[in-house]
Structure formats: structure tokens, C-alpha cells
Participant: 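Take this structure, written in C-alpha cells, and hold onto it; I'll ask about it next.
Values in this document were obtained by computation on a predicted structure and should not be read as measured data.
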Amino acid sequence: MAALPQSVLFCCDHNAVRSPMAEGVMKKLFGSETYVQSVGVVNDLEIDGFAIAVCSEIGVELSRHRSRSFEEMEENGEALSGFDVIVTLSPASQRRALELTRYYHLTVEYWPIMDPTGIGETREQKLNAYRQTRDQLMDKLKEKWGA
């Protein structure tokens, strides 16, 4: 098990499902021990309602989350170089993070977490897919940093 880093940035494609879920679950597991944020390659979607619902089931509040991109994060004065670890959750975010950090000395990790969007026909099937993603994130966080 790795030592808990001081700061972690989670990234996915839109900062609407996987990365906000990872941010929320990490904050629940580790509290304020680690500074945690999330971004997307692009910011073209709001937080996903199914992500809000399945995280609410475990006491993680996502309804106030505002999606943002790598560029918006930097424009708001938060530099990628300030993070100890960047965890990417999609191939596109992995490429973008490596491109943006090629001159920085920090760790970029890829966690292949399932994208639940588009899975299932009924509300319950969709919720089950999102629960699987939430649980994958929780298991990976516990495996990586304990809890």
C-alpha cells in the first residue's frame, strides 16, 4: 500500500461521472488528509444525475459539483505541477495529462475504471452500472492507499 499523497487530481473525459465520483469517494474515505480535485479533458456536461444518486447512497454529496476542464483549472490559478499524483480514468484523460505534465516531476497513473454512461435500458439497470463504477473506484482507492 502506498503512502497517502498530499494532493491528488482525478481526471476523466467530461468531469461529469468518474472523476467527480473518485473525488467524492476519496474525500469520504480520507477526509482532509489529502487535497483532492477533479477535472475533465473538456467541460461540456454537468454532473450526471445517476452519479449523484449512487454516491448519495454511500453518503457522498455530488450535487454541488461543478464540472471543469484542465484549462479552466489552470485559468483559476491551480497548476498541475502542484499535485503529487494525477489519476486518469479514461484513455483521453491519460493522453491529455501526460501531454500537459511532460515537463513536471509528478506521478500520472491510469486506472481503467468502467464508464457507466450508456449501459442499461431501465433506470435500475443504469443505477446498477453506476454503482459498479462507484464500487470499482472505492475498491481501487482502498487498495492503493488503505482506509
Participant: To the nearest 0.5 Å, what is the distance between CZ (F83) and CE (M73)?
Facilitator: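 Rounded to the nearest 0.5 Å, the CZ-CE separation comes out at 5.0 Å.
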Participant: Looking at R96 and E71, is any side-chain nitrogen of the basic one under 4.0 Å from a carboxylate oxygen of the acidic one?
Facilitator: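 Salt bridge between E71 and R96, a charged N being under 4.0 Å from a carboxylate O: yes.
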Participant: Nearest 0.5 Å, what's the OH-CD1 distance between Y110 and I86?
Facilitator: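 Here the rounded value is 15.5 Å.
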Participant: So, does D115 use its side chain to make a donor-acceptor pair with the main chain of T117 at under 3.5 Å?
Facilitator: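 Side chain of D115 to backbone of T117, a donor-acceptor pair under 3.5 Å: yes, one is there.
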Participant: With no hydrogens and no angle check, is any side-chain donor or acceptor of K140 less than 3.5 Å from a backbone partner on I113?
Facilitator: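 No; judged by distance alone, with no hydrogens or angles, the pair does not exist.
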Participant: With rounding to the nearest 0.5 Å, note down the distance linking CZ in F70 to OG1 in T101.
Facilitator: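 Those atoms lie 8.5 Å apart.
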Participant: Check for a donor-acceptor pair, side chain of T88 on one end and backbone N or O of C12 on the other, with a separation under 3.5 Å.
Facilitator: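 Not a single qualifying donor-acceptor pair exists.
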Participant: Can any side-chain N or O of D84 pair as donor or acceptor with the backbone N or O of Q6 at less than 3.5 Å?
Facilitator: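 Judged by distance alone, yes, a pair lies under 3.5 Å.
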Participant: Would you give the length of the straight line joining atom NZ of K27 to atom OH of Y35, rounded to the nearest 0.5 angstrom?
Facilitator: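 Separation between the atoms: 7.5 Å.
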Participant: Compare all side-chain heavy atoms of R18 with those of D13 and state whether any distance is below 4.5 angstrom.
Facilitator: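 They are in contact (side-chain heavy atoms under 4.5 Å apart), so the answer is yes.
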Participant: Would you call S38 and H65 a side-chain contact if the rule is heavy atoms closer than 4.5 Å?
Facilitator: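 Counting from C-beta outward, S38 and H65 do come under 4.5 Å.
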Participant: Could you go through L9 and E78, starting from their C-alpha distance and side-chain angles, then the distance that decides it, and tell me whether this counts as side-chain contact (heavy atoms from CB on, under 4.5 Å)?
Facilitator: CA-CA 11 Å; L9 178 66; E78 196 158 17; over 6 Å; no
Participant: Could E72 and R66 be called an ion pair, given the rule that one side-chain N must be under 4.0 Å from one carboxylate O?
Facilitator: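 Looking at E72 and R66, the cut-off is not met.
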Participant: Side chain of S93, backbone of C11: donor and acceptor closer than 3.5 Å?
Facilitator: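 Pair found, side chain donor or acceptor close to backbone of C11.
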Participant: Could you tell me whether the side chain of S7 and the main chain of G82 form a donor-acceptor pair under 3.5 Å?
Facilitator: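 Checking the backbone N and O of G82 against the side chain of S7, a donor-acceptor pair under 3.5 Å is found.
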Participant: With rounding to the nearest 0.5 Å, note down the distance linking OG in S56 to CD in E61.
Facilitator: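 That separation rounds to 7.0 Å.
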Participant: Do P20 and N15 touch side chain to side chain, with heavy atoms closer than 4.5 Å?
Facilitator: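 In short, these two side chains touch, coming nearer than 4.5 Å.
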Participant: Do F10 and M21 make a side-chain contact, defined as non-hydrogen atoms from C-beta onward lying under 4.5 Å apart?
Facilitator: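 With C-beta onward as the side chain, the pair stays apart.
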Participant: Within the structure provided, determine whether V8 and W145 are in side-chain contact (heavy-atom separation under 4.5 Å).
Facilitator: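 Yes, at least one pair of side-chain atoms sits under 4.5 Å.
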Participant: Between Q125 (side chain only) and E121 (backbone N and O only), is there a donor and an acceptor less than 3.5 Å apart?
Facilitator: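 At least one qualifying donor-acceptor pair exists.
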Participant: Can you measure from CE (M114) to CG (L89) and round to the nearest 0.5 angstrom?
Facilitator: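 M114 CE to L89 CG: 12.5 Å, rounded to 0.5 Å.
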